[in-house]
Amino acid sequence: MSELVTKGAAELGELIAGGDVSAVEVARAHLDRIARVDGQVNAFLHVDAETTLAQARAVDERRAAGEELGPLAGVPIAHKDVFTTADMPTTAGSKILEGWLPPYDATVTARLRKAGLVILGKTNMDEFAMGSSTENSAYGPTRNPWDTSRIPGGSSGGSSAAVASYQAPLSTGTDTGGSIRQPAAVTGIVGMKPTYGGASRYGMIAFASSLDTPGPFARNVLDAALLHEAFSGHDAMDSTSIDAAVPPVVEAARRGDVNGLRVGVVKEFHGEGYEPGVTARFDEAVEVLESLGAKVVEVSCPNFTYALPAYYLIAPSECSSNLARFDAMRYGLRVGDDGSRSAEEVMALTRAAGFGPEVKRRIMLGTYALSSGYYDAYYGKAQQVRTLIKRDFEAAFEQVDVLISPTTPTTAFTIGERADDPMAMYLADLCTIPTNLAGNAAISVPCGLSDGLPVGLQIMAPVLADDRVYRVGAAIERALEDRWGGPLLAQAPAL
Amino acid sequence: MKYDEALAKYEPVLGIETHIELGTASKMFCGCPTGFGAEPNTQVCPVCLGLPGALPVTNHAAIEGIIKIGLALNCEIVEWCRFARKNYFYPDMPKNFQISQYDEPLCVNGFLEVEAEGETYRIEIERVHMEEDTGKSLHVGGATGRIQGADHSLVDYNRAGIPLVEIVTKPIPATGEKAPLVARAYATELRELVRSLGVSDVRMEEGSMRCDVNVSLMPRGAAEWGTRTETKNVNSLRSVERAVRSEIERQAGVLSGGGRIVQETRHFHEDTGRTTSGRSKEEAQDYRYFPEPDLVPMAPSREWVAELKASLPELPAARRRRVQAEWALSDLELRDVVNAGAVELIEATVAAGADAGAARKWWMNELSRRATEQGVELDALPITPEQVARIQAMVAAGELNDKLARQVFEGVLAGEGAPDEVVAARGLKVVSDEGELSSIIDRVIADNAAVADKVRSGKVAAAGALVGAVMKATRGQADAGRARELILEKLGAS
């Protein structure tokens, strides 16, 4: 393994800026690593070395020409295959978009290109971001680098696995119910869900519009903050994007202290139903925070219990409408167009062949929940629960600065283990969903191992207080790495 | 059933839904241009094509347009409302949902007063809401031009995403036999109103204004309304009237034969003047409306609404009252001018220097005739009010007579240039050279000695024949009045 692939993004950025190494050399090291290990991991759906190296060369040329570049210029990145890329196919993990080459870049993609990040490729995901294991990809499951018989989390499992297996120092993901934080937790890396509206959704293929949030993956808190800062901020192309300054996340990640900070443990996300090893690591993290000077109290958020059912009405409802556009008329898969069938028949055949079982399940759930006569009882009621969850957060944040919980109740389960039990699968997002419903910020940072598998600590902050989760995340990262004698990921078996 | 018979037995109730495309420079939710008639699929982008990942952003100018319409229709502009998604599958709907408004329209509870045969009707407006237009399907092959029976269909997405305002009336009862006229008067008045606001060109023939007409019948004296039908594809003011009339006749026939009216969509056919059944609403689609999560709610500030209200131009009703007084028109004359769509044209002509009587004469006679011949609206003729005023100025100065002026109109309309260019190119100046005219008259008198003698003997009326001969000799370019004066002078009859 080349030393270059084990370095973090901030360090790589400095080395490239200092002329110690070129962007091309860094890209090549990562492409080599991908060629060597991705056969075991299946993190990438699309890699095109030539395009990557051309981008890297362009960055080196920009720098040679004296252009002032940002801290991540020349650093490689892997994009979840849900962000449109004008030079690479974008499939959202679905057969229905196989081979689709978008005519435009997502805002996240475009901003990171401008900042000089070099795209290594597109990563695997649960089809249309629906799932918690990446088993719902139409292109085969991604495997957890810690144990390749296990899932890397989902839906952004390709992105978490790519970073955890040193195939990329950074990656993007999207988080609708936990799809960044849960994969980060089970692969032992950092994953952050920014405040809804803090980063643009333009060009991010929609699952559930009111919940979808783009966010960063990295191997340490500072790298995540640098990536967060690089793609965030107001975008006129997204009407739900917030017109406010990006919170000072990089400064907070560098600072990393919790002295005097009030930390609330969510009572409802502790104890029964949680794997003992997860609870043990979480309790240790609480002690660490206290030892660093934080004031930890228990806080009750009674309506969080209803978050999961509310989510499974709202998200499918929105997806049933968002996914209606995949109809074979303008792009993507077309089935049965033999000149004898009507447009309606071709639409139906295409959708039957192009969508996987989980996507169909959610489209049907959502179609039902929005139906005339059921709307008030299902979608309407779920929106009321959403309001109650927001109020729980507001009340909690009057008492404490951040809330904490385990990111997910268990460590990585084995591939196939929950494939036939949607409810068991849905429980993986139990602790992460309230944040999506309320639109606030949350991060998952590694907090140790349970039976040799990573456990994540979730830190939640109010809307637009994204810097706070980086501050706490960096503090606990430093303290724990001192204990472990290095990053948790160093304990992972070699691929 | 015959119309009179139908009205003797039944009382119609109307309802009209009107879609108006706003004339904004860009589409409702993206920056694409909106011009009519461009090559198919050239005014499109990821947003209006509904490509994966694309998101809508509301066009502020469109919201301004709909609020102006709402205010002009005396509506209340709500303080907060949302867009909603209307979900259904159709190939010309890029996202397979239409961004519209459902239970939270932007403008509510207005009214519009219209006049039909001297009687005023107050049409209550239930709501005015904002939505996006769909693309346009062209069904190739098959007899009807509809999707059933077509060989294949082509879709043009240029229209997809053009801002569309939907104006919905409350049920309109008690119009009796005037129902078709009231429907037409409403559509006409609404068109005038929107045109005066400058927010749409409201051309029914291009589809920038489209009416759906709801009609139901109830037995005279009944308390409960009957089942309604909704007639679509009504593409002219005349068709609005005909569609209502035809639907009244049809429904009366069904009801009096013991049948029942099916709640359905019907299509109006210009050629036959009849409606035919479309899809039944009884097996209606469930549109699964829900608030559009990609757009933030609309909350027009009270200050902005007040500003827009203050900025409204003079509305047609007020303008009509004013011009009737200024131009001294009878009610009947005013109605003709209004029905011809000539109020603004005459006003502009007057503003360019013509007197009101002459301006009205040209627009209502000469130009109306030519518009009818060409089958276009008056304001679609290729002549400007300024050009009409210029021609009239030449008439007033004696440089043209009416006959010559008509030739100038002909030239301008044929694209031969501005009035002065037409006059020069066609050599249309009145012969005003007294010497030349005098010698022509001398020749005419010599050639028509018998007539000249009659005039000399006091039969002044006979001079008309001599004037005619002079006009013929000058190919109409003489000033007939001056020629007459000279003839009488020369024959000692003046």
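By convention in this document, chain letters (A, B, ...) are assigned in the order of the sequence lines, proteins followed by strands, and residues within each chain are numbered from 1. None of the values given here were measured: they were computed from a predicted structure.
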Item to complete: Decide side chain to side chain contact (heavy atoms under 4.5 Å, CB included) for A/M329 and B/V155; before the verdict, give the C-alpha distance in whole Å, the side-chain angles of both, and the deciding distance to 0.1 Å.
Response: CA-CA 10 Å; A/M329 293 297 120; B/V155 188; over 6 Å; no
Worksheet item: Under the side chain to side chain contact (heavy atoms under 4.5 Å, CB included) criterion, do B/L55 and A/R201 qualify, and how do the steps go?
Response: CA-CA 8 Å; B/L55 295 174; A/R201 291 184 296 117; 3.8 Å; yes
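For A/A343, the part sitting under 4.5 Å from any heavy atom of chain B is the side chain, from C-beta outward, and nothing else. Interface residue A/T367: backbone and side-chain heavy atoms are both found under 4.5 Å from chain B. Interface remark: B/D294 contributes backbone and side-chain atoms alike to the contact with chain A (heavy atom separation under 4.5 Å). Contacts between A/L97 and chain B at a heavy-atom distance below 4.5 Å involve the side chain alone, from C-beta outward. Only the side chain of A/T84 comes within less than 4.5 Å of a heavy atom in chain B; its backbone stays farther off. Of the two parts of A/A208, neither the backbone nor the side chain holds a non-hydrogen atom closer than 4.5 Å to a non-hydrogen atom of chain B.
At a threshold of 4.5 Å between non-hydrogen side-chain atoms, the residues B/V47 and A/Y202 count as touching. A/M347 places a side-chain heavy atom less than 4.5 Å from the side chain of B/P91. A/S239 places none of its side-chain heavy atoms less than 4.5 Å from the side chain of B/F29.
Applying the side chain to side chain contact (heavy atoms under 4.5 Å, CB included) test between A/S321 and each of B/R288, B/R85, B/K86, B/E292 identifies B/R85 as the sole match.
With hydrogens and angles ignored, the 3.5 Å screen pairs a side-chain donor or acceptor of B/D286 with a backbone N or O of A/S372. Without hydrogens or angle criteria, A/R325 side chain to B/N96 main chain gives no donor-acceptor distance under 3.5 Å.
Counted by atom type alone, A/R330 and B/Y157 present one or more donor-acceptor pairs between their side chains at under 3.5 Å.
The minimum heavy-atom distance linking A/Y104 with B/G53 is given by the pair OH-C, 3.1 Å.
The candidate with the highest count of non-hydrogen atom pairs below 4.5 Å against chain B, out of A/L323, A/V82, A/T90, A/D327, is A/D327.
For the atom pair A/N322 CG and B/F97 CZ, the distance stands at 6.0 Å (nearest 0.5 Å).
Residue B/F89 qualifies as enclosed at atom CZ: its count of foreign heavy atoms under 6.0 Å is above 12. The environment of A/E345 atom CD is dense: over 12 non-hydrogen atoms of other residues, nucleotides or ligands sit within 6.0 angstrom. The number of heavy atoms from other shown groups lying within 6.0 Å of NZ (A/K360) is above 12.
Ring centroids of A/Y379 and B/F290 are separated by less than 6.0 Å, placing the two rings close together.
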